[in-house]
Amino acid sequence: MDTLFYDRLKTYLGSEFETFKELLKKEPIKTIFFNTNKASEEKIKTLIDFKIEKSALNNMVYYYEHDNIGKTMAYDLGLIYPQELSATMPAKVLSPKKGSLVIDMCAAPGGKSIDLLNILADTGTLISNEHDFKRAKVLLSNLERLGLSAMITSLSCDDLAKEFKDQADYVLLDAPCSGEGMIRKDPSILKNYSLNNINKLSKLQSELLDKALDLLKDGGYLVYSTCTYAIEENEMNVLEFLKRHEGVTLLDTTIDHCHRGLKYKDLESAKLLRFSPLDHTEGQFVALMKVKKDGDKKISYMKETRHKLVENFVYENLGLNKYYLYLYHDYYYLSLSPLPSISKGLLRPGIEVGTIKKGIFYPSHSLYRANSLRPYFKKVIDLSLDEYLKYRQGLSLFKDVSDGFYLLTYQDLSLGFSKASKGELKNKYPKGLRF
Ligand code: SAM
């Protein structure tokens, strides 16, 4: 197995192969993405108490030294997301314009959706899809922790293409792949390594590429990415895709400091990006394409539901007038942009606001965590460090405040909420997040 992998890499890398082989013996490089949608880069730095160093490739990515990043305060506050440096490149290459409709076809656990939402900066709509339902729930919790709002779906790419045909301005297809680029992190990848598996994946990726094309409108952009080195899953798939569809053109990207695509037939390989330990990252392949089609489909939007109790709550607590409200499986959801209609596979249309039981409205944690709503909350209590640690443990706090719902923040960063009653702030931090 190892021999097959190394033999293939030798043909790709030529004189660089020996260096590459040595680099594979080293530890993977650890990086975090800064969620500047929640706080400025400078503010995030002040809440990090471990060693970090900015990367040259993406100015929102830092190298870090810590053995348990998930237990840090910056992680709990949703300020950082552990993401490999080259894995941030697909979204950077796609760079969707503000206000656009973007679809992330294979989104879990969520890294590239997080990158895309940081670029969209609370404008437009991201449809973040993951076909595996369990993984879609992980995606949901990651986006919620970072306070980012997307339309989250769990559909096969076939169904996704039917639901949103000809509607997207931008599509990211970060395809399932043989994962050779992650070998330093997970050497067990080589256990199932076979040409048969690579060819099977290549066929699946080629089918998914056709679905990506279905989703795009005329003039739309597509990024195809994998975290593998196999030519069958990368260059060969791109060339076959371009040959199958006359209206698709391969574009150059402006990213430097990495290798370009492998030479393959008449493919313009210099337009493709290839990252590996030779570029001081793990493995990633990125291709950017533009689509020309006849006509677009008019987008039909989801039907809104209004409810006086919810509207009153939003008005009294946020003072927000213009928003879209949807009722889905007994919960109300809010979005700052209208959402395209969908017939199945929806997990979350925007920000979960809350639910009504026996004529009483109960707000949700997500509402208080959403970065886009942070400036609107009227009742806010900024906690001391000691109070924040108690809140995280699920304890009640005591303060001389009037009754009602409060957004709780630490250093002005949203944590969650509390219901004040006679001076007691009842803890509403979700049980699964407490520690
Ligand atoms: N983009 C994600 C991120 O940045 O966190 C990583 C995506 S991972 C490379 C590929 C995803 O494709 C996995 O979540 C996997 O569940 C999904 N997948 C696997 N087989 C699939 C299929 N047949 N159709 C659609 N998605 C599939």
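Just follow the structure's listing: the first ligand is 1, and inside any ligand the first atom is 1.
For H280, the NE2 atom counts as loosely surrounded, since its 6.0 Å shell holds 12 or fewer non-hydrogen atoms of other residues, nucleotides or ligands.
When the ring-ring contact (aromatic ring centres under 6.0 Å, His included) test is applied to F241, the partners found at least two apart in sequence or on another chain are H245. Not a single salt bridge (Lys or Arg N to Asp or Glu O under 4.0 Å) links K137 to another residue, sequence neighbours left out. Partners of H66 according to the ring-ring contact (aromatic ring centres under 6.0 Å, His included) rule, which considers only residues two or more places apart in sequence or in another chain, are F50.
Between E144 and R348 a salt bridge is recorded (basic side-chain N to carboxylate O distance below 4.0 Å).
Contact record, L367 with L373: CD1-CD1, 3.6 Å, taken as the closest heavy-atom pair.
For ligand 1, residues of the protein lying within 4.0 angstrom by heavy-atom distance are C106, A107, A108, P109, G110, G111, K112, E130, H131, R135, C157, D174, A175, P176, L204.
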